[in-house]
2 protein chains.
Amino acid sequence: MRAEAGTGTLGKAMAVLEAVVTADGPQRFTDILARSGQPRGTLHRLLSHLVEEGLLVQRRDLSYEPGLRLLTLAYRSWSANRFRDIAEPHLRRLHELTGETVHLGILRETEIVYVDKVESRQTVRMSSQIGKASPAYCTGIGKAALSLLGPAELERILARTEFHVFTPHTHRSAATLLAEIEDIRRDGHAFDREEHEAEIRCVAAPILIPGSELAAGLSVTGPAYRVTMEQLSAWAAAVRAAAQAVGEDAAIRLGPGRGGP
Amino acid sequence: MRAEAGTGTLGKAMAVLEAVVTADGPQRFTDILARSGQPRGTLHRLLSHLVEEGLLVQRRDLSYEPGLRLLTLAYRSWSANRFRDIAEPHLRRLHELTGETVHLGILRETEIVYVDKVESRQTVRMSSQIGKASPAYCTGIGKAALSLLGPAELERILARTEFHVFTPHTHRSAATLLAEIEDIRRDGHAFDREEHEAEIRCVAAPILIPGSELAAGLSVTGPAYRVTMEQLSAWAAAVRAAAQAVGEDAAIRLGPGRGGP
DNA sequence: AATACAGTTCCAAATAATGGAATACGTTAT
DNA sequence: ATAACGTATTCCATTATTTGGAACTGTATT
């Protein structure tokens, strides 16, 4: 497990929590012991505290799994998120125009976190993937959001990015990515040319969230067999317009005062 | 703010986090100072740690709001939740049968937390309200789940319950609730007769989650103008059957070994 | 019964948290 | 300009919590 920063006890607790949450099944004490590298005594107390707080639950067989408190906290913060609320009608409109799935995402470090989604097919899980985090360097919204950053911040993020190769089209280094980011700045929109998932393409545009120093974006995504690059290019103007509209709405309704993303 | 238990530093941090998350807008330092009752120095360090961990975000105007890490953690634990996964097809089947909204909920202390939902109308927010917590004593799933508890646990929960009156039909005391819980144990299903929200009724059945010591339930909910008590009674057998099926599936696929809710 | 393994408890030492007070910052009023 | 105010931040000696190795308990396994 990664070394935790200068966040003292809280950092350790969160690292342990993360270790349990990212594992695929219930974790026994020894599993977590190995994953976390904490000494036995310390880990035991940490786990008790996490259970007492409802962040973890202990099963009858003593193994640990995520507790419901996380879900409740996330629900509260999600439904109080004014930025998402403001963006929603614009996402809907874009979905009606294109018939394809529309995403709203916010950049956090090297990842893009999806905070809303509008889609046709009802087959869907959760709001399918609200809260899901994907690498920024190989997703449309991610690259769009990166294009908003200043040089120093961009460099810091890229230095931390691991260029994992997902498909033949995935960027393999910062060099090619930086070149594309130049294009994105010029054009005002970004494409995902099957870089993260094969057979999945998207066109995205950046949004600056006023008040917070957050970089966000929205996108239209579709399967390659149905959505050609020409089709995406044709939608680009509408995507830029929607992003712009969200930004303006947010500037008015969030501003420096009450309420925020 | 409620006094935090013996969870040391983590408890304080979570209390502060909760204070920010439950507030309706971004909170300034002084707001949180008043709400949390922590001394200035302590609170300031706590907030920095929460921000460093990504649990809070600080805006340009210095106010604090929920960070994205909560959403990501919740997403991971939700999508890895095998109990929800197992229940899902049964919820879907029940939805197809009734045409009304179907919920899956798990009891946590005095509240029922919704962990999945299947509904027709696509107008919906988030998975509308996954992660939302409602009082157990006035909801169908809540009362169904309470009926699974032993006397000691039930008493402990009821002692902590505040009987807030939401509608003319809301239980006003433990006495009437306990009487109804007897009925629920006998019948195997529970009704919500517009007790939490006016014009909203539901029929629910309890599920015992094996492995965890969790009490859960599922329900069919509809608006009073469309769903009569007779209709709900007619659905009760199907709801019981679905709950039973989820329980059996879970017993097989969760068991004492790998994987869990 | 003996052995191995997993989880829990203990406690002196180390460390991080504490919190009151002083300081810096930004804003509005004089 | 300058003063006055409200707010956020930093400081640091004290204190309480965390730390973590080791001993202990309980439960399977041979």
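By convention in this document, chain letters (A, B, ...) are assigned in the order of the sequence lines, proteins followed by strands, and residues within each chain are numbered from 1. Computed over heavy atoms, backbone and side chain alike; hydrogens, waters and symmetry mates excluded.
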Query raised in the report: CG of Leu47(B) versus C1' of dT10(D): gap in Å, rounded?
Result: 15 Å

Query raised in the report: Do Gln27(B) and Ser63(B) have side-chain atoms, one donor and one acceptor, less than 3.5 Å apart?
Result: no

Report task. Answer with yes or no whether the side chains of Gln129(B) and Tyr114(B) bring together a donor and an acceptor at under 3.5 Å. Result -> no

Query raised in the report: Are Asp31(B) and Arg28(B) within salt-bridge range, i.e. N to O under 4.0 Å?
Result: yes

**Report entry** Salt bridge present between Glu18(B) and Arg69(A) (N-O < 4.0 angstrom)
**Finding:** yes

Query raised in the report: Asp61(B) CG to dT7(D) C1': how many Å, rounded?
Result: 12 Å

Query raised in the report: So, Glu109(A) and Arg156(A), do they make that salt bridge, N to O below 4.0 Å?
Result: yes

**Report entry** Electrostatic pair Arg84(B)-Glu88(B), nearest N-O below 4.0 angstrom
**Finding:** no

**Report entry** Donor-acceptor pair between His90(A) and Asp249(A) side chains, under 3.5 angstrom
**Finding:** yes

**Report entry** Glu153(B) atom CD: more than 12 heavy-atom contacts under 6.0 Å
**Finding:** yes

Between N or O atoms, less than 3.5 Å apart, protein on one side and nucleotides 18-26 of chain D on the other: list the pairs.
from	atom 1	to	atom 2	distance (Å)
dT18(D)	OP1	Thr9(B)	N	3.1
dT18(D)	OP1	Thr9(B)	OG1	3.4
dT19(D)	OP1	Lys12(A)	NZ	3.1
dT19(D)	OP2	Arg45(A)	NH1	3.3
dT19(D)	OP2	Arg45(A)	NH2	2.5

Query raised in the report: In degrees rounded to 10°, what angle is found between the helical axes fit to the five outermost pairs at each end of the helix from dA1(C)-dT30(D) to dT30(C)-dA1(D)?
Result: 30°

Report task. Decide yes or no on side-chain hydrogen bond (donor to acceptor under 3.5 Å, both in side chains) for Thr7(B) and Glu52(A), but give the supporting numbers first. Result -> CA-CA 7 Å; Thr7(B) 46; Glu52(A) 275 190 76; 5.5 Å; no

Query - Heavy-atom pair with the smallest gap, counting every atom of Ile32(B) and Leu47(B) - result: CD1-CD2, 4.0 Å

Query - Contact boundaries on DNA chain C for chain A, cut-off under 4.0 Å to non-hydrogen atoms - result: dA6(C) to dA17(C)

